[in-house]
Peer 1: 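Dumping the structure here so I can ask a few things about it.
For clarity, every value in this text was computed on a predicted model and none was experimentally measured. The first residue of the sequence shown is numbered 1, and numbering continues consecutively from there.
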Amino acid sequence: MAVKTVKVDLPAEIFDVEVNIPLIHQVVVAQQAAARQGTHATKTRADVRGGGRKPYKQKGTGRARQGSTRAPQFAGGGVVHGPQPRSYDQRTPKKMKAAALRGALSDRARNGRIHVVDSLVSGDKPSTRAAITALSSLTDRVGYLVVLERTDAITWLSLRNAPEVHIVAVDQLNTYDVLNADDIVFTQGAYDVFVGGASAATAEKPAAAKAEKPAATEQASDEPALPAGAKAPLKSGKNPKGYEVQGLESGTYLLEGDAGYDAAAGDFWFKSAEDAEAAGLTRGEKESDK
């Protein structure tokens, strides 16, 4: 059957981004590493059965001393530094996976290897022959990645045993499968779900950032207002670097050496006495006034 293709405008933010080859390589290697079971194991001399008795006496035989026939130099002995169970998983953030997938799809899209079809099988019965014929009418290449919705049972049953076809659910689309296939075929439903989900993910972040700004403004407005040219004390209570004039909420300021300068903690600080007076503060009790 002749497949009915759907003409769509591929979004540039998904299918026309710059391809970052080192990033794609890192994500693919991490995906292949995660597929390793890591259950390989060898027995050390402590794990091998037997060898509890000393094979022969320590001296007088002319041979090298031995304590067990399960030592690594004996046949049937333990293995030195052999593989042990481990995990090969590599940490790959979601943003890296998403960026690598967009790069792989962009590479396929620039070469005309992404297709969107209405359906691959007509009717209510699975048909592998009809599905393969439909795919063959799209391209002469034979490596297909078919992206389906999970509810598309007819197409799943039709293509699950075809050796040249790899099927993946739309929510499981990944960089490795895209690069491993010659052509990527979306059904209309799967394409709409994929593009809609990817667009929503990129649109949520700016909206969330805008929503956070008023909250930050409200928090800043709760803090006491500082006079012009003044700086708040550090968390430790000390003055910021370069700000030596101590300002008080009482409307006075103190210079180093004035009475109470070392005893009181400044509510805010100025660089100079001129800045403090320009802000409307008057000098407090001098040391000479005592």
Peer 1: Quickly, which of Val185, Leu10, Ile114 forms a side chain to side chain contact (heavy atoms under 4.5 Å, CB included) with Tyr191? Name it, please.
Peer 2: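 Checked Val185, Leu10, Ile114 against Tyr191; only one passes side chain to side chain contact (heavy atoms under 4.5 Å, CB included): Leu10.
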
Peer 1: Of all the heavy-atom pairs spanning Ile154 and Gly123, show the shortest one and how long it is.
Peer 2: CG2-O, 4.5 Å

Peer 1: Among pairs that include at least one residue of residues 119-133, which meet salt bridge (Lys or Arg N to Asp or Glu O under 4.0 Å), considering only residues two or more places apart or in two chains?
Peer 2: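 Residue pairs passing salt bridge (Lys or Arg N to Asp or Glu O under 4.0 Å), neighbours aside: none found.
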
Peer 1: Backbone N or O of Ala131 within a donor-acceptor pair of the Ser158 side chain at under 3.5 Å?
Peer 2: no

Peer 1: At what distance, to the nearest 0.5 angstrom, does OH of Tyr253 lie from CZ of Phe270?
Peer 2: 10.0 Å

Peer 1: For the pair Arg102 (side chain) and Glu18 (backbone), establish whether a donor and an acceptor sit closer than 3.5 Å, ignoring hydrogens and angles.
Peer 2: no

Peer 1: Just checking, is any N or O donor in the side chain of Gln31 or Asn174 under 3.5 Å from an acceptor N or O on the other one?
Peer 2: yes

Peer 1: Decide yes or no for Ile24 and Thr175: does some side-chain heavy atom of the first lie under 4.5 Å from some side-chain heavy atom of the second?
Peer 2: yes

Peer 1: Honestly curious: do Ile184 and Ile14 fall in one hydrophobic cluster under the side-chain, below-4.5 Å linking rule?
Peer 2: yes

Peer 1: Are there more than 12 heavy atoms of other residues, nucleotides or ligands under 6.0 Å from atom CG of Asp140?
Peer 2: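 At most 12 heavy atoms, drawn from other residues, nucleotides or ligands, come within 6.0 Å of this atom.
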
Peer 1: Look at the side chain of Asn111 and the backbone N and O of Asp107, then say whether any donor-acceptor pair between them is shorter than 3.5 Å.
Peer 2: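 Here the side-chain-to-backbone pair exists.
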
Peer 1: Does any part of the side chain of Gln26, heavy atoms only, come nearer than 4.5 Å to the side chain of Thr92, both counted from C-beta?
Peer 2: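 Not touching, per the 4.5 Å side-chain cut-off.
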
Peer 1: Answer whether the closest heavy-atom distance between the side chains of Pro83 and Thr42 falls below 4.5 Å.
Peer 2: yes

Peer 1: How many angstroms lie between CG in Leu173 and CG in Leu145, if you round to the nearest 0.5 Å?
Peer 2: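 Reported to 0.5 Å precision, the distance equals 6.5 Å.
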
Peer 1: Roughly how far, to the nearest 0.5 Å, is CD of Glu149 from CD of Gln188?
Peer 2: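 Taking CD in Gln188 and CD in Glu149, the distance rounds to 9.5 Å.
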
Peer 1: Tell me, with the steps shown, if Thr139 and Arg113 meet side chain to side chain contact (heavy atoms under 4.5 Å, CB included).
Peer 2: CA-CA 8 Å; Thr139 176; Arg113 297 191 176 195; over 6 Å; no

Peer 1: Hey, are the side chains of Thr187 and Leu148 touching, using non-hydrogen atoms and a 4.5 Å cut-off?
Peer 2: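 Result yes, sub-4.5 Å side-chain heavy-atom pair found.
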
Peer 1: Keeping Asp192 on the side-chain end and Gly189 on the backbone end, is there a donor-acceptor pair under 3.5 Å?
Peer 2: no

Peer 1: According to the ring-ring contact (aromatic ring centres under 6.0 Å, His included) rule, which pairs have a member within residues 3-40, sequence neighbours left out?
Peer 2: His40-Tyr88

Peer 1: Would you please name every residue forming a salt bridge (charged side-chain N to carboxylate O under 4.0 Å, His left out) with Asp183, sequence neighbours left out?
Peer 2: Arg141

Peer 1: Under 3.5 Å, sequence neighbours excluded: what are the donor-acceptor pairs made by side chains of residues 56-65?
Peer 2:
{"residue": "Tyr56", "atom": "OH", "partner": "Ala64", "partner atom": "O", "Å": "2.7"}
{"residue": "Gln58", "atom": "OE1", "partner": "Lys54", "partner atom": "NZ", "Å": "2.8"}
{"residue": "Thr61", "atom": "OG1", "partner": "Arg63", "partner atom": "N", "Å": "3.2"}

Peer 1: Go through Val121 and Leu159 one step at a time and tell me if the side chain to side chain contact (heavy atoms under 4.5 Å, CB included) criterion holds.
Peer 2: CA-CA 10 Å; Val121 181; Leu159 292 174; over 6 Å; no

Peer 1: Excluding sequence neighbours, so at least two apart, what forms salt bridge (charged side-chain N to carboxylate O under 4.0 Å, His left out) with Asp16?
Peer 2: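 Salt bridge (charged side-chain N to carboxylate O under 4.0 Å, His left out) list for Asp16, sorted by chain: Arg110.
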
Peer 1: Determine, using the 4.5 Å side-chain heavy-atom cutoff (strictly less than), whether Leu101 and Val116 are members of one ILVMFWY cluster.
Peer 2: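 In one cluster with Leu101: Val116, yes.
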
Peer 1: Show the nearest heavy-atom pair for residues Val170 and Ala190, with the distance to one decimal.
Peer 2: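 Distance-wise, the nearest heavy atoms are CG2-O, 3.3 Å.
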
Peer 1: Please evaluate residues Val17 and Val19 with respect to the criterion side chain to side chain contact (heavy atoms under 4.5 Å, CB included), reporting the C-alpha separation (whole Å), side-chain torsions for both, the decisive distance (0.1 Å), and the verdict.
Peer 2: CA-CA 6 Å; Val17 302; Val19 179; 5.9 Å; no

Peer 1: Go through Leu234 and Asn239 one step at a time and tell me if the side chain to side chain contact (heavy atoms under 4.5 Å, CB included) criterion holds.
Peer 2: CA-CA 6 Å; Leu234 303 176; Asn239 55 309; over 6 Å; no

Peer 1: How close do Leu255 and Ala273 get, counting heavy atoms only, and between which atoms?
Peer 2: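 What the structure gives for the nearest pair is CD2-CB, 4.1 Å.
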
Peer 1: Are any non-hydrogen side-chain atoms of Val165 and Ile132 less than 4.5 angstrom apart?
Peer 2: yes

Peer 1: Quick one: list whatever passes side chain to side chain contact (heavy atoms under 4.5 Å, CB included) with Glu274, sequence neighbours left out.
Peer 2: Ser272

Peer 1: Only pairs under 3.5 Å count here: list side-chain donor-acceptor contacts from residues 67-75, not counting sequence neighbours, and write none if there are none.
Peer 2:
{"residue": "Ser68", "atom": "OG", "partner": "Gly51", "partner atom": "O", "Å": "2.9"}
{"residue": "Ser68", "atom": "OG", "partner": "Arg70", "partner atom": "N", "Å": "3.0"}
{"residue": "Arg70", "atom": "NE", "partner": "Arg49", "partner atom": "O", "Å": "2.7"}
{"residue": "Gln73", "atom": "NE2", "partner": "Gln66", "partner atom": "OE1", "Å": "2.9"}

Peer 1: Can you tell me how far the CG atom of Asn20 sits from the OG atom of Ser106, to the nearest 0.5 Å?
Peer 2: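 Those atoms lie 11.5 Å apart.
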
Peer 1: List for me each residue that meets salt bridge (charged side-chain N to carboxylate O under 4.0 Å, His left out) alongside Asp171, sequence neighbours excluded, and say none if there are none.
Peer 2: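 Only Arg150 meet the salt bridge (charged side-chain N to carboxylate O under 4.0 Å, His left out) criterion with Asp171.
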
Peer 1: Give, for atom CD of Glu244 and atom CH2 of Trp269, the distance between the pair rounded to the nearest 0.5 Å.
Peer 2: 7.5 Å

Peer 1: So which atom in Ala134 and which in Ser137 form the shortest heavy-atom distance, rounded to 0.1 Å?
Peer 2: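 Ala134 and Ser137 have their closest heavy atoms at O-OG, 2.6 Å.
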
Peer 1: Could you grab the distance from atom CG of Leu105 to atom CG of Leu179, nearest 0.5 Å is fine?
Peer 2: 9.0 Å

Peer 1: If you define the side chain from C-beta out and look only at heavy atoms, does anything of Asp258 sit under 4.5 Å from Arg283?
Peer 2: yes

Peer 1: Which heavy-atom pair separates Ala104 from Val178 by the least distance, and what is that distance?
Peer 2: CB-CG1, 3.8 Å

Peer 1: Going by the rule side chain to side chain contact (heavy atoms under 4.5 Å, CB included), which residues pair with Lys271 if we only count those two or more places apart in sequence or in a different chain?
Peer 2: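 Here the qualifying residues are Tyr243, Asp275.
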
Peer 1: With side chain to side chain contact (heavy atoms under 4.5 Å, CB included) as the test, pick out the partner of Val117 among Val146, Leu138, Val6.
Peer 2: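 Looking at Val146, Leu138, Val6, the match for Val117 under the side chain to side chain contact (heavy atoms under 4.5 Å, CB included) is Leu138.
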
Peer 1: Return the set of residues passing salt bridge (charged side-chain N to carboxylate O under 4.0 Å, His left out) with Arg86 (not counting sequence neighbours), or none when no residue passes.
Peer 2: none

Peer 1: Using side chain to side chain contact (heavy atoms under 4.5 Å, CB included) as the criterion, list what pairs up with Leu157, not counting sequence neighbours.
Peer 2: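 Here the qualifying residues are Pro126, Arg160.
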
Peer 1: List the atom of Asp267, the atom of Glu249, and the distance in Å for their closest heavy-atom pair.
Peer 2: OD2-N, 2.8 Å

Peer 1: When hydrophobic residues are tied together by side-chain contacts of less than 4.5 Å, even through go-betweens, does Val28 share a cluster with Ile21?
Peer 2: yes

Peer 1: Restricting to pairs with a member in residues 110-166, which pass ring-ring contact (aromatic ring centres under 6.0 Å, His included), not counting sequence neighbours?
Peer 2: none

Peer 1: Are Phe268 and Lys231 packed together at the side-chain level, in the sense that at least one heavy-atom pair is separated by less than 4.5 angstrom?
Peer 2: no

